[in-house]
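First comes the structure, then the notes that go with it.
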Amino acid sequence: MNLPLEEALQQQSNKQQLQYEAYKSRKRSLLYNRYFILGILAILIIWSWVGTKFHIMDLFSGFSNMAIFIFQDLLPPDFTTIPSFVGPILETLYMSYVGLLFSVTFSLFFGLMAAKNTTVHPAVAIVSRSFIAFLRSIPAMVWGILLVAAIGLGPLAGTLALGLSGIGILGKAFADLLEEIDENQVNAVRATGANWYQVIGQAVWPQFKPGFVGWSLYKMDLNIREASVLGVVGAGGIGFALEGSISLFQYQQASVGILAIFALILVVEFITAKLREKII
Amino acid sequence: MTDIFLETRNLKKVYPDGTEALKNITLTFNKGELVSIIGPSGAGKSTFLRSINRLNQPSSGEVIFQNEQITNVKGKKLLLVRRQIGMIFQDFNLIKRSTTVRNVLHGRLGYMSSLKGAFGRFSEEDVKEALAILRRVGLEDHAFKRADELSGGQQQRVGIARAIAQKPALILADEPIASLDPSSSSNVMNYLKTISEEDGITTIVNLHQVDVAKRFASRIIGIKAGEVVFDGKPNELTEQRINEIYDQRGLVNELTS
Ligand SMILES: Nc1ncnc2c1ncn2[C@@H]1O[C@H](COP(=O)(O)OP(=O)(O)OP(=O)(O)O)[C@@H](O)[C@H]1O
Ligand SMILES: [Mg+2]
């Protein structure tokens, strides 16, 4: 009478044992995976260590050289040179702003064409996405070098470099934002008999606006940083002036330029943060 | 012939994935009636409504609206047809970030130029009218709130107000009370009924609740697996007929045969 029950219990515990084995072997293979990944990481670290001829001592000597340079050459800043940086600072602002307007305008167009739900044709969407991806794959600095070679030294090259690389970033952001829009809200406005322009203005825009403002202001922040560096390749702005003083060994003048960049970035970030609060 | 307001003939819809959502729907609707469509989930109720205002395109058959064949109208003509048809949705589908009154004003877009509409330059007359409609659905105090700050029942009344602002001849309501509690539900249904009666607007309401359909509609249509299986007065809808409409075994037999 008892037998079937005991058999069942036996089977039960056998099954449990088997499942436990499966659990353990799973765990073991996970552990092996982990060792494998750690091994690869270790190899990569050693490889890059050797490849860059990195020595801990360099870190210390580099650090002390840096300190000597800062205290002997850069400091104190020669504040009488401030007026010579006013022009370049305004130029940096202007490059960033015009570059932003340029990239926002074109990104709106390419973003609308690249988003699946607002494009005029799926093929246009693919072409537009690829174009945006191409622009994004080239950093602003590289555009700067190319454009200085093509149209000469000065802020125009920097402005265009910021504009072009900006389309790569904003175009993708805008297209993604548009694709996340709630189609049901859009369809409801469409059902009232509204035409394409009215649907875009009244149903798409309110959903798109917060992301649009946020990304554009963020790009303005980025532009100020990039515009400061673009001068180094001759594309105008504060970086150009800074590079000028350094190559003339006018380090105390250069340190004023560095402080100016610092102040410029802080001020612009403060303003964009305020605008973001206001508009969104 | 002339008192037939809306007619569908052999209306068929096959979705791209092969789903046969509507099979030969032939129905006529008279001016001013409030008709409720009931039927199990997936029967094709939403597909039917969306085929009328062409949020989806029927595969074959005809839709005749006020003696005009509208099955294949395009462009400007389609917009003019849609302007005459208000639509109310289960999830309200208001523009959440826009104000209540702006959502009502969207009902006027079909009457405006592209540019004025796109930039929301609504005329003084339209704004006053929109505010009056909001008063009519009891929301005058919420005109300048963002739409998503309202409760579900209030949002659905904005949905109704948007439809009224179109001055429509026909209102299509796709499960307007499915997301609402019982008291908001009867409130919303009351508004739909009042408007249908006072303004003489033909109203077609998809419903899941048979009791609500019986209480508010002057006529009930039962749809099952894309076909009309009942069409009559509420008092003709007996327990037995209800069971036939919702009988799942019947559906399975049909599919396997
Ligand atoms: N866009 C679509 N693509 C493919 N099939 C669809 C699509 N929309 C609906 N269907 C299918 O068509 C059939 C009818 O759907 P419909 O939404 O019209 O039903 P319904 O009666 O409104 O159901 P419910 O009461 O659940 O809203 C269903 O089988 C559904 O899965
Ligand atoms: Mg439905």
Side-chain angles (χ1 to χ4, degrees), chain A residues 101 104-105 107-113 115-123 125 173-174 176-217 275-280, chain B residues 49-50 52-56 75-99 102-122 146-148 155 158-159 162-168 170-172 174:
Chain A
L101 289 187
V104 164
T105 310
S107 298
L108 276 177
F109 174 75
F110 288 112
L112 269 171
M113 290 304 118
K116 284 192 213 95
N117 49 345
T118 51
T119 186
V120 290
H121 193 274
F174 291 173
D176 290 349
L177 283 169
L178 286 168
E179 282 182 354
E180 279 164 19
I181 274 176
D182 178 6
E183 272 298 301
N184 289 330
Q185 294 180 40
V186 178
N187 267 335
V189 172
R190 200 170 276 145
T192 67
N195 65 26
W196 189 85
Y197 301 96
Q198 298 172 332
V199 168
I200 295 285
Q202 294 296 310
V204 174
W205 172 249
Q207 297 185 62
F208 177 61
K209 184 181 148 193
F212 168 78
V213 171
W215 272 97
S216 301
L217 290 177
L275 278 177
R276 200 172 286 129
E277 264 171 38
K278 264 240 151 60
I279 299 177
I280 297 180
Chain B
L49 290 194
R50 290 168 160 265
I52 295 174
N53 70 350
R54 298 272 305 286
L55 282 184
N56 63 34
K76 193 133 183 60
K77 193 82 213 336
L78 174 62
L79 299 182
L80 286 178
V81 168
R82 281 185 178 156
R83 185 173 93 175
Q84 298 177 71
I85 304 178
M87 190 156 196
I88 293 162
F89 303 82
Q90 172 177 345
D91 298 316
F92 328 130
N93 295 352
L94 303 178
I95 305 299
K96 296 200 176 91
R97 301 182 52 91
S98 298
T99 59
R102 162 79 50 132
N103 271 283
V104 179
L105 283 164
H106 287 160
R108 301 306 300 163
L109 287 172
Y111 295 87
M112 300 167 69
S113 75
S114 293
L115 271 183
K116 278 198 172 146
F119 290 103
R121 315 287 303 170
F122 299 100
R146 256 173 66 153
D148 58 3
Q155 288 194 42
V158 179
R162 172 169 67 189
I164 303 174
Q166 287 174 239
K167 299 215 164 55
L170 171 67
I171 285 183
L172 307 172
D174 192 1

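Keep in mind the model is a prediction, meaning the values are calculated, not measured. Below, read A as the first sequence line, B as the second, and so on, with proteins coming before strands; counting in each chain starts at 1.
Rounded to the nearest 0.5 Å, atoms CG (B:D148) and CD (B:Q155) are 7.0 Å apart. Rounded to the nearest 0.5 Å, atoms CD1 (A:I200) and OG1 (A:T118) are 6.0 Å apart. Between atom CG of residue B:L109 and atom NZ of residue B:K116 there is a gap of 13.0 Å, rounded to the nearest 0.5 Å. Atom CZ of A:F110 and atom OG1 of A:T119 lie 11.5 Å apart (nearest 0.5 Å).
Classified by interplanar angle (parallel below 30°, tilted 30° to 60°, perpendicular above 60°), the ring pair A:F208/A:F174 is perpendicular.
Under the 4.5 Å side-chain criterion, counting only non-hydrogen atoms from C-beta, B:K96 is not in contact with B:R146. Proximity of B:L49 to B:M87: side-chain heavy atoms (C-beta onward) are separated by under 4.5 Å at one or more points.
The most heavy-atom pairs under 4.5 Å with chain A, out of B:L55, B:N93, B:L105, B:L115, come from B:N93. Interface summary for chain A: among B:G117, B:G110, B:A118, the most heavy-atom pairs under 4.5 angstrom belong to B:A118. By number of non-hydrogen pairs under 4.5 angstrom with chain A, the leading residue of B:H106, B:M112, B:R54 is B:H106.
At distances below 3.5 Å, at least one donor-acceptor pair connects side-chain atoms of A:Q198 with backbone N or O atoms of B:S113. Although no hydrogens or angles enter the test, the distance criterion places no donor-acceptor pair under 3.5 Å between the side chain of B:N103 and the main chain of B:R162.
The interface of residues 179-189 of chain A with chain B, defined by heavy-atom distances below 4.5 Å, comprises A:D182, A:N184, A:Q185, A:N187, A:A188, A:V189. Residues of residues 76-85 of chain B that come closer than 4.5 Å to chain A, counting heavy atoms only, are B:L79, B:R82, B:R83, B:I85, ordered by residue number.
At a 4.5 Å heavy-atom cutoff, the contact between B:S98 and chain A is made by side-chain atoms alone. Contacts of B:R102 with chain A are made by side-chain atoms alone, with heavy-atom separations under 4.5 Å and no backbone atom involved. For B:F119, the part sitting under 4.5 Å from any heavy atom of chain A is the backbone (N, CA, C, O) and nothing else. Only the backbone of B:L94 has a heavy atom closer than 4.5 Å to any heavy atom of chain A.
In this structure, A:L101 and A:T105 approach most closely via the heavy-atom pair O-OG1, 2.6 Å. In this structure, B:G86 and B:A163 approach most closely via the heavy-atom pair CA-CB, 4.0 Å.
A cation-pi geometry, defined here as NZ or CZ lying under 6.0 Å from the six-membered ring centre and within 45° of its normal, holds between B:R108 and B:Y111.
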